[in-house]
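I have placed the structure first, in the form of structure tokens, so that the comments after it can refer back to it.
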Amino acid sequence: MGGRRGAEGGAPAGRMGTIGGWIFFLLLCVGAYFASQMPPPERTVTGELSGVASASDGDSLRLDGRRIRLEGIDAPEIGQTCNRDGAEWDCGADARQRLRAMVAGGHDGLPPARPR
């Protein structure tokens, strides 16, 4: 009488499986809620863009309020410092300044881009 008991003789085996299922379901719902609160990923833009661009850091531009990441470039981030020959400098700001010069047309000794 009283139903089948678990291996330890405690609560019925079916009840533990049901409780575990509800706990799993609850955790799944909590995870789905937090995932729904995250901002959507930036939409990938392909094709030609036009407008006035400005350098936001060393590897991305701002164009009409959109962030355009330059593919294949990994520049230091704003506020990042680097060491060269024992001297420390703000390489993130330097990378942004070099991209600004390129956008403005002053390539600052850099080779011209080759068409693909």
Side-chain angles (χ1 to χ4, degrees):
M1 298 217 271
R4 196 177 79 183
R5 301 235 174 232
E8 300 291 318
R15 174 171 276 167
M16 288 308 291
T18 304
I19 291 173
W22 279 109
I23 291 173
F24 176 76
F25 179 71
L26 179 64
L27 290 174
L28 188 65
C29 289
V30 169
Y33 170 76
F34 283 112
S36 72
Q37 300 304 308
M38 295 179 67
E42 290 184 10
R43 199 181 91 219
T44 301
V45 178
T46 58
E48 281 190 33
L49 301 171
S50 62
V52 178
S54 63
S56 56
D57 58 21
D59 54 12
S60 61
L61 302 169
R62 285 267 172 210
L63 183 67
D64 293 330
R66 293 173 109 169
R67 181 174 183 248
I68 311 296
R69 181 139 168 89
L70 302 175
E71 185 176 338
I73 296 178
D74 186 20
E77 300 301 318
I78 298 299
Q80 182 176 341
T81 57
C82 300
N83 289 308
R84 181 185 299 153
D85 299 325
E88 191 171 281
W89 91 99
D90 189 354
C91 56
D94 190 34
R96 176 173 49 188
Q97 189 57 39
R98 287 179 175 265
L99 185 57
R100 280 182 178 163
M102 290 178 71
V103 169
H107 295 293
D108 195 29
L110 296 172
R114 291 179 289 189
R116 292 183 185 203

If you take all heavy atoms of R67 and R62, which pair is closest and at what distance?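 In terms of heavy atoms, the two residues are closest at N-NH1, 3.3 Å.
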CA sep, side-chain torsions, deciding dist, call: D90, R96, side chain to side chain contact (heavy atoms under 4.5 Å, CB included): CA-CA 10 Å; D90 189 354; R96 176 173 49 188; over 6 Å; no
To the nearest 0.5 Å, tell me how far [X] [atom1] sits from [Y] [atom2].
X: R100; Y: S56; atom1: CZ; atom2: OG; value: 9.0 Å
X: D59; Y: E71; atom1: CG; atom2: CD; value: 12.0 Å
X: F25; Y: L28; atom1: CZ; atom2: CG; value: 7.0 Å
X: T18; Y: I23; atom1: OG1; atom2: CD1; value: 11.0 Å
X: Q80; Y: D94; atom1: CD; atom2: CG; value: 11.5 Å

Are W89 and I78 connected in the hydrophobic side-chain network, where two residues link if heavy atoms are under 4.5 Å apart?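 Per the 4.5 Å side-chain linkage, W89 and I78 are not co-clustered.
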Would you mind listing the cluster partners of F34? Hydrophobic ones only (ILVMFWY), side-chain contacts under 4.5 Å, chaining allowed.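 Listed partners: V30, Y33.
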Let's go through L99 and L70 carefully: what are the C-alpha distance in whole Å and the side-chain angles of both, what is the deciding distance for side chain to side chain contact (heavy atoms under 4.5 Å, CB included) to 0.1 Å, and is it a yes or a no? CA-CA 11 Å; L99 185 57; L70 302 175; 4.0 Å; yes
Heavy atoms from other residues, nucleotides or ligands near CG of N83 exceed 12 (cutoff 6.0 Å):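 It does: N83 CG has more than 12 such atoms within range.
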Between R66 and L61, is a side chain to side chain contact (heavy atoms under 4.5 Å, CB included) present by the stated rule, with each step listed? CA-CA 8 Å; R66 293 173 109 169; L61 302 169; over 6 Å; no
